[in-house]
Amino acid sequence: MNETKIALIVDDDEAISASIQKRIQENLGHQCDTANSIFQAKSLMRNTDYDYIILDMELPYQFGQMPDVGVGITFLGQLRDRYTSEELPIIVITGRLPDHETLPSDAIYEGATDFITKPLLWMGDHTLEDSIMKFVMHNKATVKQDSRWFSRESMGNMMMWKSIAKNGTERTYAVNPSGLRCAVLDCIYLKMTTEAIVTHKDLILASKGRWTDKSYYSKKHIASKGPIRSHIRALRENLGLDISYTPDGIKVEQPDK
């Protein structure tokens, strides 16, 4: 099992910080600390070696002061002077793009690993989770398997999933992005490259209340007898996914053909 990653979220909007923290904990299983100012971020970094930082750009130096984009840019540059992008990925987030057209280029110039605008998307080609998996997990060389054979793309009102078998066979499967099957696929997609097993708890949480422990283990407390069974069968048939049950969850691997 991989060691748990620890993220630092720096944003003076406490509601946004809490939302990102919950999202990272639930979707990626990472620990998170939050800072509402540069001063607090520096204080936390003296005591904790973070694996990555999610950094808002419009920040105060000390909480209660007027936030300013220049403060965030300066802090980003200071961090990059001390850490390489491999040592400390820094994912910049901002909602101030309309007022600061040069902000993306300024952030990249100062060493941002990635740049994501607010409001943060839950699905698509450039979600926060995708960025973390690409720049944090791959840079740290901790992935269990290469995830490039399994991908997703939003197409109109459907989510198109694609798998590539070891022999090159490609399969696609269109699902409703708001449906339970897409939630199962999202959970597998987010978990399988960082964890050996997608746990039953992960899948229940991904259902967002549509499954409970009781309904998920509907027959003799055996998951393979419950409602997940039909979804696993569909994913095997439509995407060829090599899925096997374990006592704790499911193991998902690239199909041979």
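All figures in this text were calculated on a predicted structure; none of them were measured in a lab. Any value given below was found using the heavy atoms of this structure, including those in side chains, with hydrogens, waters and symmetry copies removed.
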Ignoring hydrogens and angles, write down the donor-acceptor pairs under 3.5 Å from the side chains of residues 60-72, residues two or more places apart or on other chains.
unit_1: Gln65; atom_1: OE1; unit_2: Gln62; atom_2: N; d: 3.2
unit_1: Asp68; atom_1: OD2; unit_2: Gly70; atom_2: N; d: 2.7

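For Lys118, the NZ atom is densely surrounded, since the number of other residues' heavy atoms within 6.0 Å is greater than 12. Within a 6.0 Å radius of NZ in Lys22, other residues, nucleotides and ligands contribute 12 heavy atoms or fewer. In Asn167, the CG atom is crowded: over 12 heavy atoms of neighbouring residues, nucleotides or ligands sit closer than 6.0 Å.
Side-chain contact check for Asp106 versus Glu110: every heavy-atom pair is 4.5 Å or farther apart. In this structure, Ile73 and Leu103 have side chains that are in contact, with non-hydrogen atoms separated by less than 4.5 Å. In this structure the side chain of Asp186 reaches within 4.5 angstrom of the side chain of Arg152, judged on heavy atoms. Looking at heavy atoms from C-beta onward, Thr113 lies in side-chain contact with Arg80 at the 4.5 angstrom threshold.
A distance-only check finds a donor-acceptor pair linking the side chain of Ser17 to the backbone of Asp11 [under 3.5 Å]. Panel note: side chain Ser207, backbone Ile204; a donor-acceptor pair is recorded below 3.5 Å.
Among all heavy-atom pairs drawn from Asn36 and Asp12, the shortest one is O-CB, 3.4 Å. The nearest pair of heavy atoms linking Cys187 to Ala206 is CB-CB, 3.7 Å. In this structure, Pro177 and Met159 approach most closely via the heavy-atom pair CD-N, 4.0 Å.
Hydrophobic clustering of Ile, Leu, Val, Met, Phe, Trp and Tyr side chains at less than 4.5 Å, counting indirect connections, unites Ile6 with Met45.
Applying the side-chain hydrogen bond (donor to acceptor under 3.5 Å, both in side chains) test to residues at least two apart or on different chains, none of the pairs has a partner in residues 232-249. A ring-ring contact (aromatic ring centres under 6.0 Å, His included) check over residues 152-187, counting only residues at least two apart or in different chains, returns the pairs Phe150-Trp161, Trp161-Tyr189.
Exactly one of Ile250, Ile232, Leu235 qualifies for a side-chain contact (heavy atoms from CB on, under 4.5 Å) with Leu241. That residue is Leu235. Remark: of the listed residues Ile54, Ile93, Thr127, Asp130, Ile93 is the sole one forming a side-chain contact (heavy atoms from CB on, under 4.5 Å) with Ile116.
The hydrophobic cluster around Met155 extends to Met160, counting ILVMFWY residues whose side-chain heavy atoms fall within less than 4.5 Å of a member.
Considering only residues two or more places apart in sequence or on other chains, Glu129 meets the salt bridge (charged side-chain N to carboxylate O under 4.0 Å, His left out) condition with Arg23. Every ring-ring contact (aromatic ring centres under 6.0 Å, His included) that His200 has, sequence neighbours left out, goes to Tyr216, Tyr217.
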